[in-house]
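Just so we're clear, the structure is a prediction, and the values are computed from it rather than from any experiment. Chain identifiers are assigned alphabetically (A, B, ...) following the order of the sequence lines, protein sequences preceding nucleic acid strands; residue numbering begins at 1 within each chain. Below, each value reflects all heavy atoms present in this structure, side chains not excepted, and no hydrogens, waters or symmetry copies.
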Amino acid sequence: MKFYITTPIYYVNGAPHIGHAYTTVAADVLARWKRLEGHEVFFLTGTDEHGQKVEKAAAAAGLDPQSFTDRVAAQFREMTAWMGASNDDFIRTTEPRHKRACAALWERLSERGEIYLGEYEGWYAVRDEAFYAESELLTGTDGARFAPTGAPVEWVGEPSFFFRLSAWQDRLLAFYDAHPDFIQPTSRRNEVVSFVSAGLTDLSISRTSFRWGVPVPGHPEHVMYVWLDALTNYITAAGYPEEAAPRWQFWPANLHLVGKDIIRFHAVYWPAFLMAAGLAPPRRVFANGWWTVEGEKMSKSLGNVIDPHDLVSRYGLDPVRYFLLREIPFGNDGSISHRAIITRMNVELANDLGNLAQRSLSLLARHCAAALPARSPPTEDDEALAAAAAALPSRVAGALDRVAFSEALEEVWKVIRAANAYIDHQAPWALRRTDPPRMAAVLRVLADALRFIATVLQPFMPASMARMLDQLGVPVDARDLAALAAPLPPGTALPAPEAVFPRFVEDAA
RNA sequence: GGCGGCGUAGCUCAGCGGUAGAGCAGGGGAAUCAUAAUCCCUUGGUCGGGGGUUCAAAUCCCUCCGCCGCUACCA
């Protein structure tokens with residue numbers, strides 16, 4: 001089975017922040033999980049580099065747009081690397097392959113009569129890349145007009161090509177109706193449906209007022225609307241317009257992860273463009289929320305911006321990945337704080353999981369000659385823990401299919417807590433004197449449970465779980481879900497255990 | 001203004017018609033294999049206010065209050 005997942009392509013008018021890192025990590029976990037399940041995965045991320053806003057930002061930085069975007073795009077590429085993303089491709093909308101795909105899509109829409117030339121006049125906010133109705137504008141104290149977002153607006157009048165979006169209203173509603181899970185979470189779906197139901201107007205999809213964009217075929221004085229350009233990236237990377245390209249088999253994408261601010265572009269315009277071009281719309285769009293800092297909006301003026309790179313250097317990559325997906329239900333807004341990260345790290349990673357592995361493994365190292373004992377006929381308690389662990393792959397799969405990362409992790413932690421209770425109740429350290437064979441049996445049950453736990457946690461914390469699986473003696477080629485069906489042979493050598501998740505000790509300063 | 005969501009233990013939240021739940025935080029105890037980690041027990045809520053339906057409501061309906069999202073309008 002093929003699985004195609006994307007992050008948004010990130011707009012290069014600013015440096016990567018926690019929101020970008022968040023969506024990237026979420027997509028990465030799903031990509032890694034699907035690979036673990038044995039799917040053929042295509043995981044795409046990249047940068048959105050056109051538009052007047054970038055053109056102006058480049059000018060302000062004293063650079064030409066290409067040099068400017070080269071520089072910022074590199075920062076995003078680095079961000080994906082230090083967040084541990086396993087993306088299969090990194091697309092930039094300034095690449096030739098993308099301009100080719102945009103031109104091809106445009107021509108196809110044009111041939112099908114979905115595009116016409118008209119005149120656009122209106123208040124335009126460069127910062128938002130959007131037009132606003134007169135009635136939406138706010139007036140500042142000096143009489144200047146502003147968009148509802150606070151962005152300055154200017155009156156723009158220019159010839160423009162239009163996409164017949166209004167003609168797609170009914171078909172979009174029918175599509176949402178036929179695919180109830182297309183937009184998630186449900187609250188976003190309701191918003192989109194009510195937006196479309198309220199009526200759609202044709203969409204202006206070209207500009208003549210600036211140059212930094214993909215030229216419209218046959219009309220070089222026009223560049224394409226940035227969102228038509230940007231959304232096309234998802235099919236560019238799949239090989240469009242070469243529908244014979246191997247990657248084209250990945251289309252339609254299984255899941256577009258997006259921030260909640262861009263749900264409309266992905267859930268309304270994008271399926272409309274695709275259907276109008278005779279292409280299949282994506283299967284699902286999931287909008288995640290925003291992070292706040294101690295409940296306050298993150299902003300430069302408040303001075304409370306949390307830089308994901310700082311978090312990673314301070315706490316380590318895996319704890320940060322874990323925190324981001326564990327702390328809140330995906331789709332909700334969430335609050336981030338050093339206190340909250342440290343609590344999760346110490347309580348759940350160090351105490352619950354890290355210490356469970358360490359206490360089990362050190363008993364194995366010391367009293368079982370550093371080798372995996374044979375399995376014994378299970379007692380009722382053994383059976384209960386083994387069954388809970390064995391159920392993890394399907395439970396985690398169920399949660400992740402709903403993009404419910406925190407639920408998936410909660411399922412794993414239920415088993416970790418059960419394993420801690422099990423080791424306490426069985427007390428293998430006492431059995432060492434009274435019943436050594438039973439001690440070995442108990443430690444084997446724990447090692448097997450830990451293998452399930454570490455295996456399903458790999459997508460969340462790849463490096464840490466690799467170390468844990470090393471310590472459990474699991475061969476590198478036996479770490480996917482299918483391999484769990486075969487127990488490790490008794491006598492498997494176990495390397496000396498070393499703490500995987502040390503407690504985080506705060507500086508006295 | 002319209003549509004939608006939310007308001008449950010100190011904190012974050014689950015439950016969504018049938019004797020109030022989890023994690024964290026707080027209190028007591030056990031254990032000592034382990035990263036002073038773990039395990040067991042426990043304190044704590046008139047489920048935003050009021051009204052209604054029902055044998056039975058946190059759960060359904062109405063209304064009010066407070067937050068939030070989308071959207072519209074401001075003649």
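Among the nucleotides B:U35, B:C24, B:A37, the one closest to the side chain of A:Asn351 is B:A37. Out of B:G4, B:U38, B:A34, the shortest distance to the side chain of A:Asp424 is found at B:U38. Nearest to the side chain of A:Val347, among B:G4, B:A37, B:A25, sits B:A25. Distances from the side chain of A:Glu348 to the nucleotides B:G23, B:C39, B:A34 place B:G23 closest. Of the candidates B:G23, B:G4, B:C70, B:G4 carries the atom nearest the A:Asn190 side chain, counting heavy atoms from C-beta on. Nearest to the side-chain atoms of A:Trp429 among the listed nucleotides B:A34, B:C39, B:A31 stands B:A31. Taking only side-chain atoms of A:Arg188, from C-beta outward, the nucleotide of B:U38, B:G69, B:C33 with the closest atom is B:G69.
Between A:Asp424 and A:Arg359 there is a salt bridge, with a side-chain nitrogen of the basic residue lying less than 4.0 Å from a carboxylate oxygen of the acidic one.
If you check every strand for non-hydrogen atoms under 4.0 Å, A:Val192 touches nothing. At a threshold of 4.0 angstrom between heavy atoms, the contacts of A:Ser362 are confined to the sugar-phosphate backbone, with no base atom among them. Nucleic acid contact class of A:Arg366 (heavy atoms, under 4.0 Å, all strands): sugar-phosphate only. Contacts of A:His425 with the nucleic acid, taken as non-hydrogen atoms under 4.0 Å apart, involve only primed sugar atoms and P, OP1 or OP2. Nucleic acid contact for A:Ala198: none, since no nucleic acid atom lies under 4.0 Å from a heavy atom of the residue. Among the protein residues, A:Asp352 comes within range of the sugar-phosphate backbone only, with heavy atoms under 4.0 Å from sugar or phosphate atoms but none that close to a base. Heavy atoms of A:Pro502 sit under 4.0 angstrom from at least one base atom.
Applying the 3.5 Å distance criterion, the base of B:A34 shares a donor-acceptor pair with the side chain of A:Asn355.
When each of A:Arg326, A:Arg395, A:Lys414, A:Arg402 is checked for a salt bridge (Lys or Arg N to Asp or Glu O under 4.0 Å) with A:Glu407, only A:Arg402 meets the rule. Screening A:Phe182, A:Phe273, A:Tyr234 for a ring pair (Phe, Tyr, Trp, His ring centres under 6.0 Å) involving A:His266 leaves a single residue, A:Tyr234.
B:C24 and B:G69 have their C1' atoms separated by 28 Å, with the value rounded to a whole Å.
A 3.5 Å limit on both hydrogen-bonding distances identifies B:G69 as the Watson-Crick or G-U partner of B:C3. A 3.5 Å limit on both hydrogen-bonding distances identifies B:G21 as the Watson-Crick or G-U partner of B:C13.
Residues A:Tyr22 and A:Trp291 bring their aromatic ring centres within 6.0 Å.
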Practice problem: List the steps and the verdict of side-chain contact (heavy atoms from CB on, under 4.5 Å) for A:Phe330 and A:Phe286. | Solution: CA-CA 9 Å; A:Phe330 200 66; A:Phe286 197 109; 3.4 Å; yes
